[in-house]
Participant: 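One structure, as structure tokens, below. Some questions next.
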Amino acid sequence: MIIPRNGCTKWFDYDKIKNTVLIRTRKEGDYIQIDSVGSRKKIKSLFIDEKIPREKRDLLPLLADGSHIMWVAGGRMSEAYKVSEETKVILEINLDGGK
């Protein structure tokens with residue numbers, strides 16, 4: 001797995017999570033919500049658009065709620081889980097890639 005060398009911390013609206021949260025690599029059918037109206041993009045397409053080298057795509061850690069990718073570590077976060085004024089419980093995730 002490739003984990004960014006510097007620490008990465010993100011905050012999520014806990015009440016919007018539907019499944020067990022996992023840190024894993026990509027799987028067929030993974031997607032991310034790219035805007036507040038619910039538009040989705042396949043993770044494969046996101047990686048292509050972001051010009052992530054093919055050999056690194058299967059190594060990037062993803063924070064996943066089922067097939068919905070909450071966060072590409074070191075990169076984009078899904079709009080679906082962003083903290084808002086209505087958020088009651090926050091999940092804080094911190095990845096530390098070491099020295």
Side-chain angles (χ1 to χ4, degrees):
M1 255 193 219
I2 297 172
I3 297 176
R5 306 260 326 141
N6 56 347
C8 294
T9 303
K10 292 289 180 190
W11 296 268
F12 303 89
D13 187 325
Y14 183 82
D15 295 323
K16 294 180 180 175
I17 299 169
K18 296 177 175 72
N19 300 290
T20 300
V21 175
L22 299 173
I23 296 176
R24 61 171 175 79
T25 55
R26 69 180 178 156
K27 292 183 180 178
E28 185 70 31
D30 284 346
Y31 66 91
I32 192 166
Q33 184 176 319
I34 59 171
D35 59 30
S36 59
V37 295
S39 300
R40 296 177 175 187
K41 182 178 270 198
K42 290 181 180 181
I43 288 299
K44 178 180 179 177
S45 297
L46 178 73
F47 285 174
I48 292 168
D49 293 348
E50 298 285 328
K51 296 181 177 28
I52 295 172
R54 183 173 285 154
E55 62 274 6
K56 292 187 178 182
R57 295 176 192 167
D58 288 331
L59 302 174
L60 283 173
L62 306 172
L63 187 68
D65 176 11
S67 292
H68 191 157
I69 300 305
M70 300 169 63
W71 177 37
V72 177
R76 189 158 193 171
M77 181 177 157
S78 173
E79 292 291 321
Y81 301 94
K82 287 199 172 176
V83 173
S84 69
E85 295 293 323
E86 293 80 38
T87 301
K88 294 182 177 131
V89 180
I90 294 174
L91 171 65
E92 179 181 282
I93 300 288
N94 184 323
L95 291 181
D96 185 2
K99 297 177 183 177

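The figures here come from the full heavy-atom set of this structure, side chains too, leaving out hydrogens, waters and symmetry mates. Note that the structure is a prediction, hence the values are computed from the model and not measured.
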Participant: Distance under 6.0 Å and angle within 45° of the ring axis: does Arg40 meet both against Tyr31?
Facilitator: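 Yes, a cation-pi geometry holds between Arg40 and Tyr31.
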Participant: Between Asp15 and Lys88, does any NZ, NE, NH1 or NH2 come within less than 4.0 Å of an OD or OE carboxylate oxygen?
Facilitator: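 Here Lys88 does not pair with Asp15 in a salt bridge, since their nearest N and O are not under 4.0 Å apart.
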Participant: Atom CD1 of Ile52 and atom CZ of Phe47: how far apart are they, to the nearest 0.5 Å?
Facilitator: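 Ile52 atom CD1 to Phe47 atom CZ measures 5.0 Å (nearest 0.5 Å).
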Participant: Over all heavy atoms of both residues, which pair between Cys8 and Gly74 is shortest? Give the atoms and the distance, please.
Facilitator: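 Nearest heavy atoms, Cys8 then Gly74: SG-CA, 4.1 Å.
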Participant: Which heavy atom of Ser78 sits nearest to which heavy atom of His68, and what is that distance?
Facilitator: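 That closest heavy-atom pairing would be OG-NE2, 2.8 Å.
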Participant: Tell me whether Val89 is reachable from Phe12 by hopping between hydrophobic residues (I, L, V, M, F, W, Y) whose side-chain heavy atoms are closer than 4.5 Å.
Facilitator: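 Cluster IDs for Phe12 and Val89 match.
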Participant: If only atom types and distance count, is the side chain of Arg76 paired as donor or acceptor with the main-chain N or O of Ile34 below 3.5 Å?
Facilitator: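 Such a contact is found between Arg76 side chain and Ile34 backbone.
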Participant: Tell me the closest heavy-atom pair linking Ala80 and Gln33, and the distance in Å.
Facilitator: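 Heavy atoms of Ala80 and Gln33 come nearest at CB-OE1, 3.1 Å.
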Participant: So, for Tyr81 and Lys16, which heavy atoms are closest and what is the spacing to 0.1 Å?
Facilitator: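 Reported closest heavy-atom pair: CE2-O, 3.6 Å.
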Participant: Answer yes if Leu95 and Met77 sit in the same cluster of Ile, Leu, Val, Met, Phe, Trp and Tyr residues linked by side chain heavy atoms under 4.5 Å apart, and no otherwise.
Facilitator: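 In one cluster: yes.
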Participant: Quick check for you: to the nearest 0.5 Å, what is the distance between Lys41 atom NZ and Ile32 atom CD1?
Facilitator: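 Going from NZ on Lys41 over to CD1 on Ile32, the span is 10.0 Å.
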Participant: Hey, is the main chain of Val21 close enough, under 3.5 Å, to the side chain of Asp65 for a donor-acceptor pair?
Facilitator: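 Judged by distance alone, no pair lies under 3.5 Å.
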Participant: Between Gly29 and Ser67, which heavy-atom pair has the shortest distance, and what is it?
Facilitator: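 For Gly29 versus Ser67, the nearest heavy atoms are O-CB, 3.8 Å.
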Participant: What is the minimum heavy-atom distance between Trp11 and Glu92, and which atoms define it?
Facilitator: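 Reported closest heavy-atom pair: NE1-OE1, 2.8 Å.
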Participant: If hydrophobic clusters are built by linking Ile, Leu, Val, Met, Phe, Trp and Tyr wherever their side-chain heavy atoms come under 4.5 Å apart, do Val83 and Leu63 end up in the same one?
Facilitator: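 They do not share one cluster, since no chain of ILVMFWY contacts under 4.5 Å joins Val83 to Leu63.
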Participant: Please report the C-alpha distance between Asp58 and Thr25 in whole Å, then the side-chain angles of each, then the deciding distance to 0.1 Å, and finally whether the side-chain hydrogen bond (donor to acceptor under 3.5 Å, both in side chains) criterion is met.
Facilitator: CA-CA 6 Å; Asp58 288 331; Thr25 55; over 6 Å; no
Participant: Are Met70 and Ile93 grouped together when hydrophobic residues (ILVMFWY) are joined by side-chain heavy atoms under 4.5 angstrom apart?
Facilitator: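 Yes: a chain of side-chain contacts under 4.5 Å links Met70 to Ile93.
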Participant: Quick one, Leu46 with Val72, criterion side chain to side chain contact (heavy atoms under 4.5 Å, CB included). Give me CA distance, side-chain angles, the key distance, then yes/no.
Facilitator: CA-CA 10 Å; Leu46 178 73; Val72 177; 3.9 Å; yes
Participant: Knowing that exactly one of Lys42, Arg24, Lys44 qualifies, which makes a side chain to side chain contact (heavy atoms under 4.5 Å, CB included) with Asp30?
Facilitator: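 Result: among Lys42, Arg24, Lys44, Arg24 is the only option passing the side chain to side chain contact (heavy atoms under 4.5 Å, CB included) with Asp30.
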Participant: Using only atom types and a distance under 3.5 Å, with no angle test, would you say the side chain of Arg26 pairs donor to acceptor with the backbone of Leu62?
Facilitator: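 Not confirmed, Arg26 side chain does not pair with Leu62 backbone.
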